[in-house]
Amino acid sequence: MNDFVGTSTLVRLALRRDRVLIPLWVVVFVLMAAGSAQASIDLYPDEKSRIEAATTTNSSPALVSLYGRIFDPRSLGELSLFKLTAFGALLVALLAAMLVVRHTRAEEESGRLELLSAGVLGRYAALTAALLVSGLTVVLIGLLTALSLIGVGLPVAGSFAFGLVWTSAGLAFAGVGGLTAQLTEGARAANGLTAIVLGVSYVLRAIGDSSDGTAWVSWLSPIGWAQQIRAYAGDRVVVALAPLALLVVLVAAAYALLRRRDIGAGLVRPRPGPATAAASLRSPLALAWRLHRGSLYGWGFAFLLLGLVVGNIASNVDGFAGSESAKELIQKLGGVDGITDAFLSTEMGMLGLLASAFGIQAALRLRSEETALRAEPLLATGVTRSRWLSSHVLMALLGTTLLVVVGGLGAGISSGAELGNMGRQVPRLLAAAVVQLPAIWLVTALVVLLFGLAPKLVTAGWFLFGAFLLIGQFGAIFDLPQSVMNLSPYGHTPRLPGGDFSATPVLWLTAIAAALTVSGYATFRRRDIG
């Protein structure tokens, strides 16, 4: 039998399963790039203002490490999108890798691929279908992003080069996802390995951008390769051959490893556990902690690092926003008068969005435990449905709390050190982070409600998150009606530091989150498992 037979069927199945997820993220990426470009065109109308902003950016080690260097200070396109070049490539790469793992290792882990393999299905069909779906997704993101940038008035060649930046990074990490899916027996472990590779790649890129003496380090990173295409600053599209070559090597390695293992098995065997559980595991909450702790550690470290970087950048905001129009935009996004506080307020809002992603991921573990048939044996013991559900809900709520506290503390310490006022900045930024929690809990509660009410639609939580993200990030720029802006729970969060605090929206968001969570409990108790 042909090793690739059944590939087209699996492609159609994957596209049907992701008929909401893929279009949603395509729209998010396209609007993110177009919105950033449209806003910056108005901010920097002349070459002088662009050179001033680019010079300030390149002189800030924190900004350069986080986003990358601006290669052409006169380029409107590069200045408009420098925050989305390397960082956007990182996000596209993560999406590409997770799509591959989702349709390979996750399918094996659930047992669905073994059932399909009992029919006419070649050995390479699943991996090939996953790579095709992931590749087509990132190509579509790159193409539509380029067209949207042309539509807002940026140069044609540079716009297609920018689309190639995202596409090439996504294709390279689709290969990484294909390889890690062969190494482990679990989808979470495969995603964890991919995240490590992605993090190392981003750090290498940051080191390479830090100074001319370390520029060569960027060439050790696929993210660095994508950045070196230099969209709007030379358009060196030939550099895209490097990530494409890496894709070929990784895919060949993945196919070779696939031939050497049984379905459902990984090349790295998990370490067997003890015959009896330790006392620390003899409760549903302890088990939930064991399941979530690895992810929480990784997210916590990332939030601490992000908070430290944000606090450091805050001291340079006045120089970056050299024109009055730039200051007005940041103030509009932050909702406060002081330029530094406005920037910090906006970034605290971004921390809230990122923490919501962890909350959604943690709540979705309920569904994965159920579909993997691990919940039913547990509930057959003395563990009640409410205790089992509470264990994962608590991990989602307490985990998001920990993340925003760590991020707020990091930002406060870094900002206080830069501004010479630690005693003032730490409590202010900690409060600005904590005030994001009611909106985060509300989004997490929506996933809990979907799990209890319509478990097959629980992934719609990502759709709602994407919709809230678009409204929150681009509503002010595109002058959306206030009635639309009010649909996002993040729009009701007090804008701290610097803004006026009102307890009313905080209490309302908390009450709604509690009501949704209770409804999720009630509906889960009445439905069948599975």
Side-chain angles (χ1 to χ4, degrees), residues 10-28 95 98-99 101-103 106-107 109-113 115-116 130 133 137 187-188 191 288 291-292 295 353 355-376 379 385-386 388-393 395-397 399-400 439-472 484 487-490 509 512-530:
L10 292 184
V11 167
R12 292 195 298 272
L13 176 61
L15 291 176
R16 178 174 177 79
R17 291 185 61 203
D18 291 340
R19 61 187 181 275
V20 174
L21 180 66
I22 290 177
L24 170 65
W25 286 112
V26 169
V27 170
V28 168
L95 173 63
M98 292 183 70
L99 281 174
V101 173
R102 170 177 166 81
H103 294 295
E107 290 296 280
E109 188 178 12
S110 68
R112 286 188 292 265
L113 188 58
L115 291 175
L116 291 171
V133 170
T137 299
R188 288 182 178 272
N191 284 328
L291 294 173
H292 290 278
S295 176
L353 286 169
S356 298
F358 172 83
I360 294 171
Q361 180 191 65
L364 286 175
R365 187 63 187 256
L366 288 163
R367 182 58 178 168
S368 64
E369 290 293 297
E370 183 180 21
T371 55
L373 304 180
R374 291 189 289 265
E376 191 169 1
L379 294 174
R385 289 193 177 203
S386 294
W388 177 73
L389 183 62
S390 296
S391 65
H392 290 278
V393 172
M395 287 307 306
L397 299 180
T400 53
I440 298 170
W441 291 340
L442 192 152
V443 174
T444 304
L446 284 171
V447 178
V448 176
L449 176 61
L450 286 171
F451 173 71
L453 187 63
K456 292 183 179 180
L457 300 178
V458 71
T459 54
W462 287 116
F463 175 81
L464 294 172
F465 174 68
F468 296 151
L469 187 151
L470 289 176
I471 293 173
V484 176
L487 295 176
S488 172
Y490 306 104
L509 289 172
I512 294 172
L516 292 173
T517 303
V518 171
S519 299
Y521 273 75
T523 52
F524 175 64
R525 294 182 65 180
R526 290 197 295 266
R527 72 169 177 85
D528 295 331
I529 296 295

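Only a predicted model underlies this, so the values are computations on that prediction, with no experimental measurement involved.
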Could you work out, with side-chain hydrogen bond (donor to acceptor under 3.5 Å, both in side chains) as the rule, every residue matching [X], not counting sequence neighbours?
X    : result
S356 : Y490
R17  : E107
D18  : R102, H103

Quick one: list whatever passes salt bridge (charged side-chain N to carboxylate O under 4.0 Å, His left out) with R374, sequence neighbours left out.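 E369.
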Within the structure provided, determine whether [X] and [Y] are in side-chain contact (heavy-atom separation under 4.5 Å).
X    : Y    : result
S295 : R365 : no
L509 : W441 : no
T137 : W25  : no
L379 : I529 : yes
S390 : Y521 : yes
L397 : T517 : no
H392 : L291 : yes
L516 : L442 : yes

Can you measure from [atom1] ([X]) to [atom2] ([Y]) and round to the nearest 0.5 angstrom?
X    : Y    : atom1 : atom2 : result
L10  : L15  : CG    : CG    : 11.0 Å
L446 : S519 : CG    : OG    : 10.5 Å
L457 : R367 : CG    : CZ    : 9.5 Å

Residue pair [X] / [Y]: nearest heavy atoms and the distance that separates them:
X    : Y    : value
A396 : T444 : CB-CG2, 3.8 Å
L389 : F524 : CD2-CD2, 4.0 Å
L450 : G461 : CD1-N, 3.9 Å
V447 : A363 : CG1-CB, 3.6 Å
S368 : T371 : O-OG1, 3.3 Å

Determine, step by step, whether T459 and V20 satisfy the side chain to side chain contact (heavy atoms under 4.5 Å, CB included) criterion, reporting the C-alpha distance in whole Å, the side-chain angles of both residues, the deciding distance to 0.1 Å, and the verdict. CA-CA 9 Å; T459 54; V20 174; over 6 Å; no
Quick check against the 3.5 Å criterion: does R16 have a side-chain atom that pairs as donor or acceptor with the backbone of L13?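 Side chain of R16 to backbone of L13, a donor-acceptor pair under 3.5 Å: no, none is there.
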Distance-only donor-acceptor hits, side chain of residues 462-470, under 3.5 Å, sequence neighbours excluded:
none

Check each of R385, R527, K456 against E370 using the salt bridge (charged side-chain N to carboxylate O under 4.0 Å, His left out) test, and report the only one that passes.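 Exactly one option meets the salt bridge (charged side-chain N to carboxylate O under 4.0 Å, His left out) with E370, and it is R527.
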For R526, side-chain contact (heavy atoms from CB on, under 4.5 Å) partners two or more places apart: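 For R526 the side-chain contact (heavy atoms from CB on, under 4.5 Å) partners, ignoring immediate neighbours, are A522, T523.
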Using a cut-off of 6.0 Å, state whether more than 12 heavy atoms not belonging to M395 lie near its atom CE.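 Counting other residues, nucleotides and ligands, CE of M395 exceeds 12 neighbours.
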